Number of protein chains: 2
Amino acid sequence: MRSPRKWWTKLSKPRLKVVAKPTVNDIARVAGVSLATVDRVLNERPGVRSVTIKKVHAAIAELGYIRDTAAANLARRRVYNLLFVLPDTENEFVAALRTQIEEQAEKLSNDRTELSLALAAPFDAQDFVAVLDRIDPSDTDGVAVFSPETPSVRDAVKRVRDKGIAVVTLVSDLPSSERDHFVGIDNVSAGRTAAQLMGRFIRRPGKILFITGSRFARDHLERRQGFDLVMNEEFPELEVVASVEGRDDPDLIHSLLPEVFENHPNICGIYSSAAGNEGLIRFLKDNRAAEDIVVIGHELTPLSQDALRTGVFDAVISQDSGHLVRSCVRLLRATADSAPYNPAQERIRIDIYIKENMPP
Amino acid sequence: MRSPRKWWTKLSKPRLKVVAKPTVNDIARVAGVSLATVDRVLNERPGVRSVTIKKVHAAIAELGYIRDTAAANLARRRVYNLLFVLPDTENEFVAALRTQIEEQAEKLSNDRTELSLALAAPFDAQDFVAVLDRIDPSDTDGVAVFSPETPSVRDAVKRVRDKGIAVVTLVSDLPSSERDHFVGIDNVSAGRTAAQLMGRFIRRPGKILFITGSRFARDHLERRQGFDLVMNEEFPELEVVASVEGRDDPDLIHSLLPEVFENHPNICGIYSSAAGNEGLIRFLKDNRAAEDIVVIGHELTPLSQDALRTGVFDAVISQDSGHLVRSCVRLLRATADSAPYNPAQERIRIDIYIKENMPP
DNA sequence: TTGAAAGCGATACCAA
DNA sequence: TTGGTATCGCTTTCAA
């Protein structure tokens with residue numbers, strides 16, 4: 001039988017002597033200075049002699065002080081103003097993102113965080129630049145941007161950061177734009193994942209059709225890259241033949257497909273790496289010939305869920321829109337305060353959905 | 001060109017007249033009562049005339065007041081004492097859970113939340129009951145328990161709740177124990193998912209081996225149930241032959257397998273629904289005959305990741321241990337305060353991992 | 001360069 | 001049944 005005195009373990013770091021956590025008052029007392037001075041040191045405000053700074057730091061170290069952020073924000077009346085910049089499209093994935101942003105805005109406003117939304121013309125780099133250049137550091141602390149990748153957009157992001165605003169890229173990265181973080185999946189791996197599933201699901205030789213959104217969408221490009229890599233390495237008997245540029249437009253995609261199928265009668269797999277699935281699904285439902293084609297799409301939405309349920313899609317690669325938005329918020333707040341964050345929690349997973357593991 | 005005045009949208013609910021959010025002081029002023037009385041009404045404390053209560057409620061409604069939890073917790077000096085009850089095993093999944101609990105304990109202790117850990121003998125219902133019965137409501141606000149399912153454990157959980165302590169079940173549910181929430185995946189769906197992948201990956205007829213942990217582990221039972229369902233419905237040519245009860249013990253599993261393979265020479269798939277993968281992996285690596293068997297395991301751990309990487313495993317069904325622990329904490333805190341929570345955020349996903357979408 | 005004191009929004013104790 | 005007021009941990013004037 002266990003000793004009744006210690007059948008559980010307390011997991012927080014055991015404090016040495018004191019029971020209560022040290023506060024600014026304790027520091028002031030130990031360092032022999034006033035509260036105001038402690039605050040100056042804590043927040044690196046000017047006008048403190050270096051001797052005094054040292055004394056305070058010594059006390060902080062001795063006591064193992066950790067700032068109570070909630071109390072600090074209360075006193076400071078701190079409000080985080082965060083802006084999401086998204087393409088102004090109707091597609092379901094962006095719609096899901098917007099829904100998440102709106103829902104969380106509601107709750108977060110009780111948590112000193114105000115969310116705003118700005119839209120730019122889809123695939124229009126200049127419009128994104130215009131939006132980004134309008135951002136005013138006096139009323140925004142952080143920006144999350146989901147944008148096509150061009151040098152001009154990268155420069156605009158850099159300018160936003162130079163104003164002292166935290167920036168994360170969302171879904172599609174803008175490397176070398178000096179954004180603080182990227183919030184999204186590793187799209188090369190996502191493409192690889194799609195290829196592996198495709199290769200293992202397909203049971204007859206044939207050709208693979210690849211559908212993309214735009215040449216400037218870095219996420220789509222990276223997916224293509226990963227997809228081709230695994231296809232070449234592991235499934236050389238399958239050939240990736242055509243790449244339809246659908247601009248995330250269901251009708252465009254729907255209108256382009258017949259010709260593709262005429263030119264390539266032996267298609268046995270389709271990887272749709274972009275949005276606009278509605279056009280693809282409509283085409284597949286109307287074409288008996290398409291019945292035993294393995295189809296893999298991106299982003300779990302009502303439409304793609306239905307496609308999985310009815311067997312039109314075989315798998316969907318996805319990223320959780322709720323997680324994406326929460327992650328942006330946490331990272332922007334942390335960056336704005338130069339506070340630490342939990343990388344494990346912010347890693348966005350490459351979700352694989354088949355009909356049996358879909359959420360209800 | 002957009003109007004420079006409204007190129008973005010503020011998303012929080014727009015307040016009517018006031019700029020600042022209303023506080024208790026505003027309520028007191030509008031209702032014409034004191035701060036203390038507002039507090040009494042807000043926290044449903046006794047000793048207020050119903051007329052007064054009505055006045056205060058009217059003011060609250062008029063102003064659209066929302067309590068500032070951070071400030072409340074500060075004033076209240078509220079500390080959440082949460083206890084995790086886990087089986088005292090060495091297996092990697094439980095180890096990951098423990099690591100997560102320990103890591104988060106560190107951070108959460110700066111957030112007025114203290115985590116503790118209690119261990120019970122694995123698969124030993126009586127020991128779980130003993131641990132649960134020891135829990136003292138004066139020093140714990142919530143309990144997360146990962147336990148086998150027996151009537152006695154269910155009753156013990158009920159007793160814990162009757163003491164006014166919030167309870168969530170973790171990984172393996174105890175329905176009808178009146179726990180407040182279940183934190184984990186839908187294990188029937190997990191089994192279905194494994195079966196679908198298994199069926200689509202296998203390329204030759206043969207038999208399937210099912211490995212479980214214990215008859216009392218509800219999670220394993222549910223996985224079996226889901227697995228059989230899909231196998232029967234969609235892959236009748238594959239027969240699920242044997243069920244090895246491995247008690248999550250690598251050595252036991254390793255020692256049981258040779259006989260199974262002798263009795264069933266035509267095994268083409270293995271679904272390991274429990275822990276103890278190390279024994280299975282060792283066996284598979286040593287047996288050339290096992291080379292083209294499709295193997296699906298549970299829980300992404302260093303071992304199973306390695307098995308995916310080397311092709312010993314074809315897929316892993318998993319649940320994110322970090323998410324599990326965070327979810328327990330959020331739900332226990334919310335339940336302890338009878339505060340609302342976000343169901344979407346607490347839904348634990350059935351993660352599918354193949355070698356291409358593993359985290360690095 | 002420093003300190004005293006008044007908040008931030010909410011709770012809680014003591015009187016009335 | 002009520003109200004006054006100190007307090008939580010931290011920030012921020014305003015004076016000294």
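Reminder, nothing fancy here: chain letters follow the sequence lines and each chain counts from 1. Being a predicted model, the structure only gives us computed values, none of them experimental.
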Taken to the nearest whole Å, CG/Asp337(B) to P/dA10(C) is 15 Å
Given dT11(D), is OP1 or OP2 found less than 4.0 Å from the side-chain N or O atoms of Arg67(A)? yes
Whole-Å distance, Asn25(A) CG to dG3(C) P, equals 14 Å
From CG of Asp39(A) across to P of dC14(D) the rounded distance in Å is 16 Å
>> Whether the side chain of Arg40(B) and the base of dT2(D) hold a donor-acceptor pair under 3.5 Å is what I'd like checked.
In response: yes
Between the base of dG9(D) and the side chain of Arg77(B), is there any donor-acceptor pair under 3.5 Å? no
Closest non-hydrogen atoms of Leu11(A) and Ala105(B), given as atom of the first, atom of the second and distance, are CB-CB, 3.5 Å
Between CD1 of Ile60(A) and P of dC10(D) the distance, given in whole Å, is 10 Å
When rounded to whole Å, the CG to P distance for the pair Leu74(A) and dT11(D) reads 11 Å
From CZ of Arg29(A) across to P of dG3(C) the rounded distance in Å is 15 Å
Note to self: Classify Val38(A) by what it touches in the nucleic acid, base, sugar-phosphate, or nothing, heavy-atom distance under 4.0 Å.
What the structure shows: nothing
| request: Classify the nucleic acid contact of Thr69(B) as base, sugar-phosphate or nothing, counting any heavy atom under 4.0 Å across all strands shown. | output: nothing
Between Ser34(A) and Asn43(B), the residue closer to the 5' end of DNA chain C by nearest nucleotide is Ser34(A)
Is there a side-chain polar atom (N or O) of Thr52(B) under 4.0 Å from OP1 or OP2 of dT2(D)?
yes
Margin query: Could you check whether Asp337(A) pairs with Arg76(A) (Lys NZ or Arg NE/NH1/NH2 to Asp/Glu carboxylate O, under 4.0 Å)?
Written below: no
Separation of dT11(C) atom C1' from Tyr65(B) atom OH, nearest Å, is 11 Å
Query - Touch class at under 4.0 angstrom, heavy-atom based, for Arg45(B) against every strand present - result: sugar-phosphate
- request: Just call it for Asp68(A): base, sugar-phosphate, or nothing, with non-hydrogen atoms closer than 4.0 Å on any strand.
  value: sugar-phosphate
Rounded to whole Å, the CG-P distance (Leu63(B) to dA10(C)) equals 12 Å
Would you call Asp26(B) and Arg29(B) a salt bridge, using N to O less than 4.0 angstrom? yes
OP1 or OP2 of dG3(C) under 4.0 Å from side-chain N/O of Thr37(A)
yes
How would you label the contact of Ala72(B) with the nucleic acid (heavy atoms, under 4.0 Å): base, sugar-phosphate, or nothing? sugar-phosphate
Checking Val33(B), Val56(B), Val41(B) against Val48(B) for side chain to side chain contact (heavy atoms under 4.5 Å, CB included), the one that qualifies is Val41(B)
Please tell me if Arg49(B) has a side-chain N or O lying less than 4.0 Å from either OP1 or OP2 of dT1(D).
no
Closest to the side chain of Ala75(A), out of dT12(D), dT11(C), dG7(C), is dG7(C)
Whichever of Pro46(B) and Arg112(B) has the more 5' nearest nucleotide on DNA chain D, that residue is Pro46(B)
Considering every strand and a 4.0 Å limit on heavy-atom distances, what is the contact class for Val24(A): base, sugar-phosphate, or nothing?
base
Report task. Walk me through it: do Ser138(A) and Asp136(A) pass the test side chain to side chain donor-acceptor pair (under 3.5 Å)? Result -> CA-CA 5 Å; Ser138(A) 77; Asp136(A) 181 353; 3.0 Å; yes
Checking Lys163(B) side chain against Ile135(B) main chain: does a donor-acceptor pair fall under 3.5 Å? yes
